[in-house]
Novice: 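Can you read through this structure? Questions will come right after.
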Amino acid sequence: MKVRVLVRPKPGILDPQGEAVKGALPALGFTGVETVHVGRLIELEVERDDEIDAMCRRLLANPTTEEYEWEVVG
């Protein structure tokens with residue numbers, strides 16, 4: 001099965017990539033963007049999904065500074 005894991009900074013954690021994107025958008029003519037959060041999307045092909053949460057906690061995300069969610073997509 002195919003699993004997608006979305007990892008992003010926890011609220012209140014400094015997001016320098018998000019701030020850089022937010023700062024660059026007006027220079028490109030895009031206005032009205034109030035917040036930007038940059039995360040990463042990880043796709044896995046797995047036989048079972050009972051270890052996905054452990055994978056996230058131990059490797060795919062830093063639980064101290066990041067939050068994650070995952071879903072089976074196929």
Side-chain angles (χ1 to χ4, degrees):
M1 75 183 68
K2 188 173 185 177
V3 175
R4 284 189 182 143
V5 180
L6 176 61
V7 180
R8 58 183 164 229
K10 286 183 175 179
I13 297 292
L14 184 63
D15 181 359
Q17 288 180 311
E19 290 300 314
V21 170
K22 181 182 172 188
L25 287 172
L28 298 172
F30 299 104
T31 60
V33 178
E34 296 183 16
T35 61
V36 177
H37 298 284
V38 175
R40 62 185 179 279
L41 177 67
I42 302 164
E43 292 185 341
L44 306 168
E45 290 276 343
V46 297
E47 294 181 7
R48 26 183 251 270
D49 64 358
D50 60 328
E51 294 181 318
I52 299 299
D53 203 53
M55 290 179 193
C56 291
R57 283 185 277 111
R58 296 182 65 191
L59 180 65
L60 303 177
N62 178 345
T64 303
T65 60
E66 298 173 317
E67 60 186 13
Y68 63 87
E69 58 189 52
W70 60 271
E71 65 178 335
V72 176
V73 294

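Just so we're clear, the structure is a prediction, and the values are computed from it rather than from any experiment.
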Novice: Count I, L, V, M, F, W, Y as connected when their side-chain heavy atoms are under 4.5 Å apart, and connections chain through other members. Are F30 and V21 then in the same cluster?
Specialist: yes
Novice: Run through the side-chain heavy atoms of Ile, Leu, Val, Met, Phe, Trp and Tyr, join any pair under 4.5 Å, and report what else lands in V3's cluster.
Specialist: M1, V5, V7, I42, L44, V46, I52, M55, L59, L60, Y68, W70, V72
Novice: Kindly indicate whether the side chain of P11, heavy atoms from C-beta on, has any atom under 4.5 Å from the side chain of E67.
Specialist: yes
Novice: Return the minimal non-hydrogen interatomic distance between K10 and P63, and the atom names on each side.
Specialist: NZ-O, 2.7 Å
Novice: Does the pair R40/E66 count as a salt bridge with the N-to-O cut at 4.0 Å?
Specialist: yes
Novice: Short question: side chain of E19, backbone of D15 - any donor-acceptor pair under 3.5 Å?
Specialist: no
Novice: Contact between V33 and T31 at the side-chain level, heavy atoms closer than 4.5 Å - yes or no?
Specialist: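 No, their side chains stay 4.5 Å or more apart.
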Novice: Please enumerate all residues that pass side-chain hydrogen bond (donor to acceptor under 3.5 Å, both in side chains) together with E43, with sequence neighbours excluded.
Specialist: R4
Novice: Check this for me: does any side-chain nitrogen of one of R8 and E69 sit under 4.0 Å from a carboxylate oxygen of the other?
Specialist: yes
